[in-house]
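Below is one structure, written out as structure tokens; the observations come after it.
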Protein chains: 2
Amino acid sequence: MGKTEARDIFFNYIKEKGLRYTKQREAILGAFLASGKHITIDDLYTAVKKTNQDIGYATVHRNLKLMTECGLADEIKIGSHKARFEQKYGHEHHDHLICMKCGRFIEVHDEKIEKLQGKLAEANDFVPMRHKLEIYGMCKKCR
Amino acid sequence: MGKTEARDIFFNYIKEKGLRYTKQREAILGAFLASGKHITIDDLYTAVKKTNQDIGYATVHRNLKLMTECGLADEIKIGSHKARFEQKYGHEHHDHLICMKCGRFIEVHDEKIEKLQGKLAEANDFVPMRHKLEIYGMCKKCR
DNA sequence: CTAATATTGATAACTATTATCAATATAACA
DNA sequence: TGTTATATTGATAATAGTTATCAATATTAG
């Protein structure tokens, strides 16, 4: 799960699509991989700015989309808030418990639920490709 | 599950909050209850316009929010598309299979999954209040 | 080195939603 | 019923988040 591998995935994808290597891409990828979970575009923009003052917001946005396309990032939207992106590479699939009071996320995973979801889709003549399970409620601290 | 009951819920809620009865509210509620599943604000606005030419978009929007507040409607957001609202009253809870090609929704329900979700939350010291499960993939027609 | 073109950064445009506000409608009460 | 306080409406402005535009620049293949 090294950053090198993630880097390879990204730049291989870039190459395959006939796109080009740029300093900005390197910087944005680096900042994203160094970031925590669930980063927003704004956060990433701010982070990249530290090492690359002249970068534009649109560039960060575009490249975050590219990372999503090639499978390194996943876009998640919670409620009406702005989009957040989380690292997919080197991270297992998981669902979210979302506290309605403090907004905190808890990552969870249940293999039984995963399997049942597959069956449920099958039973409806549906080929599942990905899914999103969000459970809203109150976390320990907030009650 | 008559419309009368839904009407009562709405106007009782209105009254309790010290709000007022208006023709517009009546019309918007009626149009919503008469609508199909997963209506957008635009759709509802168009529908209400037919019987009530002078109604404003903002009024439809505000009242749809009110209906959501009192539990008659549920807001669902799919991807980056605009919000859709579905009738909750008289409709059982369900999850969605969403076709990534045609955008069609299939409503599904699995009691086992529901229960496992409850356990999963519990195991994380989390009090679940509602949840959203969306499975993305390809429907029968689209493959 | 050159030419073709992908990328960038600034910003305009766009979409969906929400806020503003004067005019009007409603409901409580005299 | 008439009066009054104020909730509601409709038109539109404002906002937030995202995406498109475009001239200048950087990258890559040859």
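Letters A, B, ... are given to chains in the order of the sequence lines, protein chains preceding strands, and every chain is numbered from 1. Remember, predicted model here, so these are calculated numbers, not experimental data.
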**Asked** Does any N or O in the side chain of A:Asn12 come within less than 3.5 Å of the main-chain N or O of A:Asp8, such that one atom is a donor and the other an acceptor?
**Response** yes
**Message:** Under 4.0 Å from OP1 or OP2 of D:dT27: is there any side-chain N or O of A:Lys23 that close?
**Reply:** yes
**B:Lys65 side chain near C:dT18 phosphate (N/O to OP1/OP2, under 4.0 Å)** = yes
**Closest-nucleotide ordering on DNA chain C, the 5'-leading residue of B:His61 and B:Tyr21** = B:His61
**Item:** Closest-nucleotide ordering on DNA chain C, the 5'-leading residue of B:Asp42 and B:Gln24
**Value:** B:Asp42
Which nucleotide wins on minimum distance to the side chain of [X], given the candidates [options]?
X: B:Ala83; options: D:dA20, C:dT17, C:dA6; result: C:dT17
X: A:Arg20; options: D:dA5, D:dA11, D:dA26; result: D:dA26
X: A:Lys15; options: C:dA25, D:dA29, C:dT5; result: D:dA29
X: B:Ala58; options: C:dT7, D:dT19, D:dG10; result: D:dG10
X: B:Thr22; options: D:dA7, C:dT26, C:dT7; result: C:dT26
X: B:Arg62; options: C:dT18, D:dA26, D:dA11; result: D:dA11

Distance, rounded to the nearest Å, where [X] contributes [atom1] and [N] contributes [atom2]:
X: A:Leu44; N: D:dT18; atom1: CG; atom2: P; answer: 13 Å
X: A:Ile55; N: C:dG9; atom1: CD1; atom2: P; answer: 5 Å
X: B:Lys17; N: D:dT6; atom1: NZ; atom2: P; answer: 18 Å
X: A:Asn52; N: C:dT7; atom1: CG; atom2: C1'; answer: 13 Å
X: A:Asp54; N: D:dT25; atom1: CG; atom2: C1'; answer: 13 Å
X: B:Glu26; N: D:dT9; atom1: CD; atom2: P; answer: 12 Å
X: A:Ile14; N: D:dA26; atom1: CD1; atom2: P; answer: 19 Å
X: B:Gln53; N: D:dG10; atom1: CD; atom2: P; answer: 12 Å

**Prompt:** Should the ring pair A:Phe11 and A:Tyr21 be called parallel, tilted or perpendicular, given that the plane angle runs from 0 to 90° and is split at 30 and 60?
**Reply:** tilted
**Prompt:** How long is the gap from CD on A:Gln117 to CG on B:Leu133, to the nearest 0.5 Å?
**Reply:** 4.5 Å
**Request:** Please examine the side chains of B:Thr40 and B:Arg84, heavy atoms only from C-beta on, and report whether any two atoms are closer than 4.5 Å.
**Result:** yes
**Asked** If we only count heavy atoms from C-beta on, is the A:Asp110 to B:Lys119 side-chain gap below 4.5 Å?
**Response** no
**Message:** Need one value for A:Asn63: base, sugar-phosphate or nothing, where a base atom within 4.0 Å counts as base even if backbone is also close, heavy atoms only.
**Reply:** sugar-phosphate
**hbond_proxy B:Arg25 side chain to D:dT8 base (donor-acceptor, 3.5 Å cutoff)** = no
